[in-house]
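Written out below as structure tokens is the structure these notes cover.
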Amino acid sequence: MKTFLSRKDISISFKRYAVDAMGAMTLGLFASLIMGLILLEIGRLTGIDLLMTMGSWASGATGFAVGVAVAYGLKAPPLVMFAAAAVGFAGAYVGGPNNVAGAFVAALIGTEFGKLVSKETKIDIIVTPATTLITGMATAMLIGDPIRQVMVGIGSFVMWATDLMPAVMGAVVAVVMGMALTSPISSAAIAIMIGLEGIAAGAAVAGTAANMVGFAVSSYRENKMNGLLSQGLGTSMLQLPNIMKNPRIWIPPIIASAITGAISAGVFRMENIPTGAGMGTSGLVGQFGAITAMGTSPTVFFQIGLVHFMLPAIISFVISEYMRKKEWIKFGDMSLGA
């Protein structure tokens, strides 16, 4: 059995499902739901109806994109991958529109079963997609709605706790989501699956932004402008190999996350939407989310600039410089290399 599973490239492990598959799902979400909402918002702000229409189409294709993305992350053969698009669509619409968690699980199960039978029969063109569709869609019908209910319950609890204790829970949410963004676990997928919104989502953006901006600024002497942009507008996950070597380099962004999360929720009560909550400053998606949730007043832009950029930059820089003087962080510890 181990030999057979190895030949089929099926690895039942945390890395394969929580890192590889979920990481690929994030790309699918970005290419459909998140970009769709960005186009919708730009269209709304500029009055361009064509962009709003395109954004609506892109958002409506979320299930298809998730199915293909999960299959891609699991290294599925073509017939499995194409069938997984339909499975993702089915999973997304069981229990309500855009049930991302349901689409993920359905596509995962369908893909793995499809891989098991792929190229094992002379009628592969029938057996492989049929197996993928039947097992994936059956999974969607059986557990899609319960999965959605669990995700909604988790999200509701987090938002309730944040409303109850804004500063404390804002800091907790910010730190957890910020660390998830920098780790291989997808903070964007988590935020969307649990439907994180309101001030809890605002705190999540503060935390994820603090990790990205924090690492970008504190590592500037090693990585210069390329590193500033790749981390500040791309992803702080680039620092993960360096964190494994010296975990102390993570301290400045984590402290910045806690402080900005508390300020976001407890002082300004900043809000956001699920698609922006786990994105930080990546492509400025988190900032578009803040504008969607709170509007375009000068106060909103001031809060975004202060909480998402200025404070994490200053806090992380000051703490990292102190740690460098103590030699807890040495030159090269945060280098991204060539």
Side-chain angles (χ1 to χ4, degrees), residues 34 155 158-183 185-192 194-218 231-237 239 250-320:
I34 295 174
V158 172
M159 290 182 285
W160 170 80
T162 307
D163 285 332
L164 186 66
M165 300 180 292
V168 175
M169 283 303 297
V172 172
V173 170
V175 169
V176 171
M177 292 297 285
M179 294 182 73
L181 178 137
T182 301
S183 74
I185 302 172
S186 173
S187 57
I190 292 171
I192 293 172
I194 67 176
L196 200 63
E197 59 186 4
I199 63 172
V205 174
T208 49
N211 266 250
M212 294 177 64
V213 174
F215 269 122
V217 172
S218 60
Q231 295 172 92
L233 295 177
T235 176
S236 54
M237 197 184 298
Q239 285 291 345
W250 211 350
I251 293 175
I254 289 174
I255 294 176
S257 294
I259 295 173
T260 56
I263 293 173
S264 173
V267 178
F268 295 135
R269 300 188 73 83
M270 295 177 69
E271 298 182 4
N272 217 289
I273 57 177
T275 50
M279 294 297 293
T281 55
S282 179
L284 300 180
V285 175
Q287 291 62 57
F288 274 106
I291 291 170
T292 301
M294 300 189 296
T296 56
S297 70
T299 300
V300 170
F301 284 111
F302 168 76
Q303 292 173 352
I304 290 173
L306 180 66
V307 175
H308 295 177
F309 295 97
M310 292 178 62
L311 285 178
I314 294 171
I315 293 168
S316 295
F317 178 76
V318 170
I319 295 174
S320 65

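By convention here, the first residue in the shown sequence is residue 1.
- At distances below 3.5 Å, at least one donor-acceptor pair connects side-chain atoms of N272 with backbone N or O atoms of G286.
- Looking at heavy atoms from C-beta onward, W250 lies out of side-chain contact with Q239 at the 4.5 angstrom threshold.
- Side-chain atoms of S316 come within 3.5 Å of backbone atoms of P312 as a donor-acceptor pair (strictly under, hydrogens ignored).
- The 12-atom threshold is exceeded at CE of M165, counting heavy atoms of other residues, nucleotides or ligands nearer than 6.0 Å.
- Using a 4.5 Å cut-off on side-chain heavy atoms (C-beta onward), M294 and E271 make contact.
- Expressed to the nearest 0.5 Å, how far CD1 of I315 lies from CD1 of I255 amounts to 9.0 Å.
- A pairwise comparison of heavy atoms in M212 and G234 identifies CE-O, 3.3 Å as the closest pair.
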Using the side chain to side chain contact (heavy atoms under 4.5 Å, CB included) rule, take N211 and S236 through it: C-alpha gap first, then chi angles, then the decisive distance, then the call.
CA-CA 6 Å; N211 266 250; S236 54; 3.9 Å; yes

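- A distance-only check finds no donor-acceptor pair linking the side chain of S218 to the backbone of F317 [under 3.5 Å].
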Show your reasoning for whether side chain to side chain contact (heavy atoms under 4.5 Å, CB included) applies to V213 and V217.
CA-CA 6 Å; V213 174; V217 172; 4.2 Å; yes

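- Distance check, rounded to the nearest 0.5 Å: CD1 of I291 to OG of S297 gives 10.0 Å.
- Side-chain atoms of M177 and L181, non-hydrogen and from C-beta on, never get closer than 4.5 Å to each other.
- G278 and S187 make their closest contact through O-OG, 2.7 Å (heavy atoms, listed as atom of the first residue, atom of the second, distance).
- Shortest non-hydrogen contact noted between A210 and P253 is O-CB, 4.0 Å.
- Panel note: side chain S183, backbone A180; a donor-acceptor pair is recorded below 3.5 Å.
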Please report the C-alpha distance between T182 and M237 in whole Å, then the side-chain angles of each, then the deciding distance to 0.1 Å, and finally whether the side chain to side chain contact (heavy atoms under 4.5 Å, CB included) criterion is met.
CA-CA 4 Å; T182 301; M237 197 184 298; 5.5 Å; no

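- The closest side-chain heavy-atom distance from I192 to M279 is not below 4.5 Å.
- Across all their heavy atoms, S257 and A174 have their closest contact at O-CB, 3.2 Å.
- Taking CZ of R269 as the start and CD1 of I263 as the end, the distance is 14.5 Å to the nearest 0.5 Å.
- Residues satisfying the side-chain hydrogen bond (donor to acceptor under 3.5 Å, both in side chains) test with Q287, not counting sequence neighbours, are H308.
- Without hydrogens or angle criteria, T208 side chain to V205 main chain gives a donor-acceptor distance under 3.5 Å.
- Heavy-atom minimum distance, G261 versus A203: O-CB, 4.1 Å.
- Without hydrogens or angle criteria, T162 side chain to A200 main chain gives no donor-acceptor distance under 3.5 Å.
- At least one side-chain heavy atom of I304 sits less than 4.5 Å from a side-chain heavy atom of F309.
- Side-chain contact check for I273 versus E197: every heavy-atom pair is 4.5 Å or farther apart.
- Annotation for G170 and A265: closest pair CA-CB, 3.9 Å, computed over non-hydrogen atoms.
- Side-chain contact between L306 and F268 is present, with at least one heavy-atom pair separated by less than 4.5 Å.
- Considering only heavy atoms from C-beta on, T275 stays 4.5 Å or farther from V285 through its side chain.
- Rounding to the nearest 0.5 angstrom, the gap separating the CD1 atom in I251 from the CD1 atom in I319 is 9.0 Å.
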Check the pair L164 / M169 against side chain to side chain contact (heavy atoms under 4.5 Å, CB included), numbers first and verdict last.
CA-CA 8 Å; L164 186 66; M169 283 303 297; over 6 Å; no

